[in-house]
Amino acid sequence: MQDHVTPRRVVILGGGFAGLFAARALRHSPVAVTVVDRRAHHLFQPLLYQCASGILSEGQIAQPLRAVLRRHHNVSCVLAEATDVDVKARMVHARRPEGGVLRLPYDDLIVAVGLRQSYFGHDEFAAHAPGMKTLDDALDIRRRIYRAFEMAETAADDRERQQWLTFALVGGGPTGVELAGQIREIAGHTLDREFQKIDSARSRVLLFEGSDAVLGAFGPRLAHRAARTLQSLGVELHLGTMVTDIDAHGLTVQDHAGTTTRFEARTVLWTAGVDAPPIAAALARATGATQDRAGRIAVEPDLTIPGHPEIRVTGDVMSLNRLPGLAEVAMQSGAYAGRVVRHAVEGRTKQPKPFKYWDLGSAAYISRGRAVVKVGPLHLSGTIGWLAWLFVHLAFLTGFRSRLGAVLSWSVAFATSSRRERAFTMSDVDAPAGPGFRQKTPPPPP
């Protein structure tokens with residue numbers, strides 16, 4: 001009789017950078033890998049703002065997980081959202097999109113669920129100020145940006161017109177800076193001479209940041225250069241301000257002195273703050289792990305949860321040595337977790353070396369031909385920084401087709417200021433009843 005040995009079961013929660021690199025590290029291992037994600041695609045999150053602003057299509061920054069992992073014959077993909085972990089039974093509980101429940105047993109668990117947008121306890125802001133963490137978010141922001149100019153064209157009076165032509169961004173990190181620069185380029189170049197009643201170049205872009213500098217993590221030198229570049233583009237910087245209220249017509253902010261100011265803006269975008277998803281809290285309760293203020297899970301140097309060597313936490317949701325929430329951290333930690341499991345399966349009983357992050361730098365695209373890049377002591381800005389930014393992002397785009405498509409789209413956008421991906425749809429909330437709008441008609445009488 002032939003013995004059948006059940007392969008070691010590895011469950012990976014999340015198909016982002018950390019989850020993808022963990023799965024790739026296990027490609028040739030005699031294990032059964034299950035990747036669980038609530039979305040069926042791998043998203044290149046650093047370029048979401050280019051999808052939102054119309055430079056790249058969603059297909060150029062998102063690839064189906066099954067397609068990306070099609071040659072990994074030991075990997076299966078499951079469309080579901082992890083909701084809980086039974087650490088004693090070594091079982092992941094997940095919910096399918098239609099509500100069904102899945103139970104996934106594991107021998108090793110790699111948690112790579114990333115982070116979501118945080119509104120610092122004011123979740124009511126989300127209705128008026130979307131964040132940008134998912135593909136849906138990017139498409140929503142694209143709709144809001146281009147819709148604003150259309151609405152300004154038919155505004156009833158000058159006040160309403162100016163409200164539609166005012167864009168407010170909350171958060172001066174890379175996402176806020178990149179979006180602010182893109183909106184100024186859209187207003188000043190892409191839409192130039194396309195409207196009859198408005199001058200799109202006269203749009204206002206307001207950037208609010210609670211600290212005293214944009215891109216503070218890049219250091220004073222690059223932060224100063226980024227601020228100077230933004231101001232030269234026409235972005236109005238409001239540093240040292242905290243948002244206290246947001247509604248459909250604008251936002252209210254308070255400075256360090258306690259002075260409150262109201263700004264009227266029909267388009268408010270939220271690019272500040274992150275928070276761990278609910279599964280992180282569920283895992284912390286089940287294992288007794290410690291979480292930081294953002295919900296990240298504290299891990300040992302080998303990325304395991306104390307007392308649970310079979311569970312490793314990677315990417316943005318892990319808390320270790322104050323590592324930043326960068327794609328590079330996710331890639332390296334995911335690959336490390338996968339290698340450690342692979343080595344264990346191969347019988348390497350030697351204690352794994354602690355995870356060591358190799359800082360490959362940070363980059364932020366501000367406008368055409370201008371970016372800031374920090375790689376250790378090397379600080380680049382302007383055209384040289386932009387070229388470095390271009391190389392880095394091409395290197396990490398998933399799939400040859402994505403790279404080729406991005407090169408073609410960037411070539412058109414950078415050479416002509418045009419954007420090919422400007423299509424947007426109107427939601428039911430955006431399209432009120434009235435002439436010109438399609439209504440649902442009742443069925444004819446019998």
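- Between Arg9 and Leu104, every side-chain heavy-atom pair lies at or beyond the 4.5 Å cut-off.
- When side chains are defined from C-beta on, Val87 does not count as touching Ile305, because their heavy atoms never get closer than 4.5 Å.
- Heavy-atom neighbours of Phe120 CZ from other residues, nucleotides or ligands within 6.0 Å: above the threshold of 12.
- Ring-plane geometry between Trp389 and Tyr365 is classed as tilted, the angle between the planes lying from 30 to 60 degrees on a 0 to 90 degree scale.
- Atoms CG and CZ, from Asn321 and Phe355 in turn, are 9.5 Å apart once rounded to the nearest 0.5 Å.
- The salt bridge (charged side-chain N to carboxylate O under 4.0 Å, His left out) search around Arg422 returns Glu194, not counting sequence neighbours.
- Every residue meeting the side-chain contact (heavy atoms from CB on, under 4.5 Å) condition with Asp255, not counting sequence neighbours, appears here in chain and number order: Thr241, Ala257, Thr259.
- Note: His238 and Phe208 have parallel aromatic rings, judged against thresholds of 30 and 60 degrees for the angle between ring planes.
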| Residues Glu421, Arg142; criterion side chain to side chain contact (heavy atoms under 4.5 Å, CB included); working and verdict | CA-CA 9 Å; Glu421 306 296 334; Arg142 180 197 295 178; 3.8 Å; yes
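- Heavy-atom minimum distance, Ser118 versus Asp275: CB-CB, 3.6 Å.
- Residue pairs that meet the salt bridge (charged side-chain N to carboxylate O under 4.0 Å, His left out) test with at least one member in residues 318-327, sequence neighbours left out, do not exist here.
- Between Cys77 and Leu69, some side-chain heavy-atom pair lies under the 4.5 Å cut-off.
- Taking the side chain as every heavy atom from C-beta outward, Asp137 and Leu48 never approach each other to under 4.5 Å.
- In this structure, the separation between CD1 on Ile12 and CD1 on Ile110 is 4.5 Å, given to the nearest 0.5 Å.
- The salt bridge (charged side-chain N to carboxylate O under 4.0 Å, His left out) test applied to Glu300 returns no partner, not counting sequence neighbours.
- Residues that satisfy the side-chain hydrogen bond (donor to acceptor under 3.5 Å, both in side chains) test with His224, not counting sequence neighbours, are absent from this structure.
- Closest approach of Ile61 and Cys51 over heavy atoms only: CD1-CB, 3.5 Å.
- Going from atom CD1 of Ile141 over to atom OG1 of Thr267 covers 10.5 Å, rounded to the nearest 0.5 Å.
- Side-chain contact between Arg312 and Val299 is absent, with no heavy atoms from C-beta onward closer than 4.5 Å.
- With a 4.5 Å cut-off on side-chain heavy atoms, Phe263 and Thr166 do not count as touching.
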| query | After noting the C-alpha distance and the side-chain angles of Glu178 and Met132, does the key distance pass the side chain to side chain contact (heavy atoms under 4.5 Å, CB included) rule? | reply | CA-CA 12 Å; Glu178 289 164 341; Met132 193 168 67; over 6 Å; no
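- Judged purely by atom type and a 3.5 angstrom limit, Gln45 has no side-chain atom pairing as donor or acceptor with the backbone of Thr134.
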| field | Working for side chain to side chain contact (heavy atoms under 4.5 Å, CB included), residues Gln332 and Leu360 | value | CA-CA 11 Å; Gln332 294 181 33; Leu360 300 182; 4.3 Å; yes
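- Remark: the Arg419 side chain and the Ser53 side chain contain an N/O donor-acceptor pair separated by less than 3.5 Å.
- Using modelled atom types, one side-chain atom of Gln60 and one backbone atom of Ser57 make a donor-acceptor pair closer than 3.5 Å.
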| query | Going through the distances and angles, do Val177 and Leu230 end up as a side chain to side chain contact (heavy atoms under 4.5 Å, CB included)? | reply | CA-CA 8 Å; Val177 167; Leu230 287 170; 4.0 Å; yes
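- Remark: the backbone N or O of Ala25 is paired with a side-chain donor or acceptor of Arg342 at under 3.5 angstrom.
- Put simply, the side chain of Ser319 never gets that close to the backbone of Ala298: no donor and acceptor are under 3.5 Å apart.
- Between atom OG of residue Ser203 and atom CZ of residue Phe167 there is a gap of 5.0 Å, rounded to the nearest 0.5 Å.
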Would you be so kind as to tabulate the donor-acceptor pairs closer than 3.5 Å made by side chains of residues 369-383, with sequence neighbours excluded?
{"unit_1": "Arg370", "atom_1": "NE", "unit_2": "Ser367", "atom_2": "OG", "d": "3.1"}
{"unit_1": "Arg370", "atom_1": "NH1", "unit_2": "Ser232", "atom_2": "OG", "d": "3.4"}
{"unit_1": "Ser381", "atom_1": "OG", "unit_2": "Arg225", "atom_2": "NH1", "d": "2.7"}

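- The two residues Val317 and Gly114 make their nearest non-hydrogen contact at CB-O, 3.8 Å.
- Taking Val274 as the reference, Leu115, Lys133, Arg296 meet the side-chain contact (heavy atoms from CB on, under 4.5 Å) condition, with sequence neighbours excluded.
- Atom CE of Met91 sits in a crowded spot, with more than 12 heavy atoms from other residues, nucleotides or ligands closer than 6.0 Å.
- One finds the CD atom of Glu58 at 11.0 Å from the CG atom of Leu43 (value rounded to the nearest 0.5 Å).
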| request: Apply ring-ring contact (aromatic ring centres under 6.0 Å, His included) to Tyr336 and Tyr357, showing your working. | output: CA-CA 10 Å; Tyr336 169 90; Tyr357 170 59; over 10 Å; no
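- By the neighbour-count criterion of 12 heavy atoms within 6.0 Å, atom CG of Leu387 is densely surrounded, having more than that number from other residues, nucleotides or ligands.
- You'll find the side chain of Pro130 reaches within 4.5 Å of the side chain of Leu269, heavy atoms only.
- Using cut-offs of 30° and 60° on the angle between ring planes, the pair Phe17 and Phe44 is perpendicular.
- When all heavy atoms are compared, the tightest approach of Ser333 to Met318 is CB-CE, 3.8 Å.
- The two residues His41 and Ala62 make their nearest non-hydrogen contact at CD2-CB, 4.0 Å.
- Using a 4.5 Å heavy-atom threshold, the side chains of Thr34 and Tyr106 count as separate.
- In this structure, the separation between OG1 on Thr304 and CD on Glu310 is 9.0 Å, given to the nearest 0.5 Å.
- Checked against side-chain contact (heavy atoms from CB on, under 4.5 Å), Ser211 has the following partners two or more places apart in sequence or in another chain: Glu209.
- Every residue two or more places apart in sequence or in another chain was checked for a salt bridge (charged side-chain N to carboxylate O under 4.0 Å, His left out) with Glu150, and none qualifies.
- Side-chain N or O atoms of Gln182 include none that pairs as donor or acceptor with a backbone N or O of Tyr49 at under 3.5 Å.
- Listed by chain and number, the residues in a salt bridge (charged side-chain N to carboxylate O under 4.0 Å, His left out) with Arg39 amount to none (sequence neighbours excluded).
- Every residue two or more places apart in sequence or in another chain was checked for a ring pair (Phe, Tyr, Trp, His ring centres under 6.0 Å) with Phe21, and none qualifies.
- For the pair His42 (side chain) and Gly15 (backbone), a donor-acceptor distance under 3.5 Å is present.
- Sorted by first and then second residue, the side-chain hydrogen bond (donor to acceptor under 3.5 Å, both in side chains) pairs involving residues 94-104 (not counting sequence neighbours) are Glu81-Arg95, Arg96-Glu98.
- Shortest non-hydrogen contact noted between Leu215 and Ala364 is CD1-CB, 4.1 Å.
- Judged purely by atom type and a 3.5 angstrom limit, Thr252 has no side-chain atom pairing as donor or acceptor with the backbone of Thr244.
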